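Beneath this line is the structure, given in structure tokens, with notes to follow.
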Number of protein chains: 6
Amino acid sequence: MSRIALFPGSFDPFTIGHESIVRRSLSLFDHVIVAVGQNSTKANLFSLQQRVSWIKEVFADTDKVSVSSYSGLTVDYCKEVKARFILRGLRTSADFGFERGIGQVNKALLPSVETVFILALPEHSAISSTIIRDIIRNGGNASQFVPDVIKFDK
Amino acid sequence: MSRIALFPGSFDPFTIGHESIVRRSLSLFDHVIVAVGQNSTKANLFSLQQRVSWIKEVFADTDKVSVSSYSGLTVDYCKEVKARFILRGLRTSADFGFERGIGQVNKALLPSVETVFILALPEHSAISSTIIRDIIRNGGNASQFVPDVIKFDK
Amino acid sequence: MSRIALFPGSFDPFTIGHESIVRRSLSLFDHVIVAVGQNSTKANLFSLQQRVSWIKEVFADTDKVSVSSYSGLTVDYCKEVKARFILRGLRTSADFGFERGIGQVNKALLPSVETVFILALPEHSAISSTIIRDIIRNGGNASQFVPDVIKFDK
Amino acid sequence: MSRIALFPGSFDPFTIGHESIVRRSLSLFDHVIVAVGQNSTKANLFSLQQRVSWIKEVFADTDKVSVSSYSGLTVDYCKEVKARFILRGLRTSADFGFERGIGQVNKALLPSVETVFILALPEHSAISSTIIRDIIRNGGNASQFVPDVIKFDK
Amino acid sequence: MSRIALFPGSFDPFTIGHESIVRRSLSLFDHVIVAVGQNSTKANLFSLQQRVSWIKEVFADTDKVSVSSYSGLTVDYCKEVKARFILRGLRTSADFGFERGIGQVNKALLPSVETVFILALPEHSAISSTIIRDIIRNGGNASQFVPDVIKFDK
Amino acid sequence: MSRIALFPGSFDPFTIGHESIVRRSLSLFDHVIVAVGQNSTKANLFSLQQRVSWIKEVFADTDKVSVSSYSGLTVDYCKEVKARFILRGLRTSADFGFERGIGQVNKALLPSVETVFILALPEHSAISSTIIRDIIRNGGNASQFVPDVIKFDK
């Protein structure tokens, strides 16, 4: 049975930390689906279309990664795309506390899905979409934190 | 002097974790008041009336628990109902960090009130009202995380 | 049924933080037993006899506190002295992580016993027996961290 | 070269914890600039003008502290005022996790600026602007948590 | 290329938490090697031979798990047995902090090896070999925390 | 008054993380004393003489850093060498919890001394003397984690 993993997130925007997690996980999984969650209660800085398009460009070099968007529960989307694994990166203790809660609830909702974690590289440990949005809103240059294909209009 | 404890919260909605904390605390206290806080700056998923009514039904089997609502400071409500203890459950380190801050400030505001903590059961450690609201908003079934008397219209 | 709590520890030595936890818990419990654990694998700075004698002197003013020593499992000693509660103070997140593990295992070993936590006062948050022993071994004066009745020979 | 430090924050309102950090840092720095950040996405309880004016009054007794406001990135403002250091207080582990992320990103954006931390006093460890605003909104008296010159209209 | 994972540890003794991590990881890996580390500076309660023999019995039902012992660096043993992954379970924030350090150093020593984490089940979150040894040393019954095939002489 | 800082530790051995903290602190302090603590209860891997000699070689290029050893309390040694600051690096939340306790007790013992923290670089966040000793004891090569002048006999 094929090992398909879902890598869910808002990716507003996708960072070099996200890219590193996905690329390093390719030795573990047969296929990784980067799944951009549509969360109606969250105001995004970049449109869903823009985010999906950027991530597709980042992984244009490999057919082991596909990109899609979804709404609803993550575990329901796992069932839909036959992903038996949810992939997550861990940077900090606060990350871990949050991810453990989500992971345990996802397991209660769909016991057949396993959440698998790998570590962010130390040099990526402070990079988050939140902090990048904050830099952009304050007129700063966040290009060192995102893949080269992502260009912000300044 | 009677040992009356206040169990304050938004309870939006009340969970099986909340129920467990209250029931297990009944060996410690003579009476527990589940006090639903009215917080004007927070948008709730369920109305105050609905939340109070559900909790009353959960504890219909015991007269050691009463249910009420309050606005204003928790310590002021403690004085009003003559509660010398505030009861809180602890699930995670993040919980503890947050609760310690609230507990220390409450003690500074009203030194005679003591905050008393008991541990969430391990199987309840990921269950929070926030995660339940998130499941409901995404069209999922959260019934395993709330007492049986609480029925969500789907 | 009487509310008896066990306050277990090595108390090598007993600190003003320990004293504060016990005194503040007396509004909650009918009786508190300060129980000095004998742990053969731990080398102590002060003898068991000395530690017990100091704590008895600290609480000479109240008959709601008694002092004893025990070996074996804490939950077995709870059964022996009919204590339905284990009392613990919480100072830091590291404390909490450690105490939660012990508390959950104790509950698995003896479900009828509940661990009850209260917060250390902020000004006691750095005081531990370990740090006091360290000060003493390095020739420092640790008297501000222990009750007045405890006198170290310098 | 003069050692100038920036102490950035919302200070909505300034607390006795903030004051303590600044005063204790004066042995370390030649000059400290308390810099009130203007964050358009955050609704403040007190106006920028009010916050700046209060902090100026708090430090009216010393010319080693100046007060100003800024918008945009903190590191850009550091360059503007020639501050080589960013001063921050640490109270809790959650604080640290958050501050470490900000500090690492600031260092990536401007390597010449160093973030310097000192510890909040234990008795200030629960005091935050957030909790003070919460007390005020609930009709409580928060005056024990702010410098004497700050008077809230009740 | 086959996905072989190493699950390293002292396993003094092996717990139901360890068993759960290995079994749940079998959907992810082609083969898991439970590798009992020989650490000369640590005094063990059970002999290496006993520990290996117990774990072999636990996994007698599957040929996807093998058991061995090693000394020296974990990454050197990974090279020897051609394991590209190190498997670890995560229970608590303290676990995570510790495991992140080890994982980052292992990656610096051997970049081709990836550490993969899955979550302990909530009901296993307090179970550790350390706490089991402590129960045994204090004359308690720890059988509920270990696989059925492990029998302690009492 | 001159700003002299003490950087205390066991330094068994000194790491590139330690070196980075000291060098980056030189913009803040007029002089930094790297002070190797002699702790009779801890068995060291490298002799005191060896450790002091290595650190002197690391900072042979600057006269703003001196190296010495001490026994007894750190705050007593601060008084002796007229250091008004204790310098510490912070890597992780566990570090912070530990350092906060030490820092608060040092302040209680000698209020005139302030502990000042700077952040470890992200790429140094997993490097500790403990992990280096562990690598050496297991026959590994730890040279990437220590300054070039430190050569281990293999």
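So you know, we letter chains A, B, ... as the sequences are listed, proteins then strands, and number each from 1. The shown structure was predicted, so the numbers you read here are calculated from the model rather than taken from an experiment.
Counting non-hydrogen atoms of other residues, nucleotides and ligands closer than 6.0 Å to CZ of F98(F) gives a total of 12 or fewer. By the neighbour-count criterion of 12 heavy atoms within 6.0 Å, atom CG of D148(F) is sparsely surrounded, having that number or fewer from other residues, nucleotides or ligands. Remark: K82(C) NZ is loosely packed, at most 12 non-hydrogen atoms of other residues, nucleotides or ligands lying under 6.0 Å away.
Atoms CD1 and CD1, on I131(C) and I102(F) in that order, are 4.0 Å from each other to the nearest 0.5 Å.
Residues I132(C) and V105(F) are not in side-chain contact: their nearest non-hydrogen atoms beyond the backbone lie 4.5 Å or more apart. Counting heavy atoms from C-beta outward, I135(C) and L109(F) have side chains that approach closer than 4.5 Å.
Looking only at distances, no side-chain donor or acceptor of Q104(F) sits under 3.5 Å from a matching main-chain atom of S125(C).
Contact between G101(F) and A126(C) at its shortest, heavy atoms only, is O-CB, 3.6 Å.
Interface residue A108(F): backbone and side-chain heavy atoms are both found under 4.5 Å from chain C.
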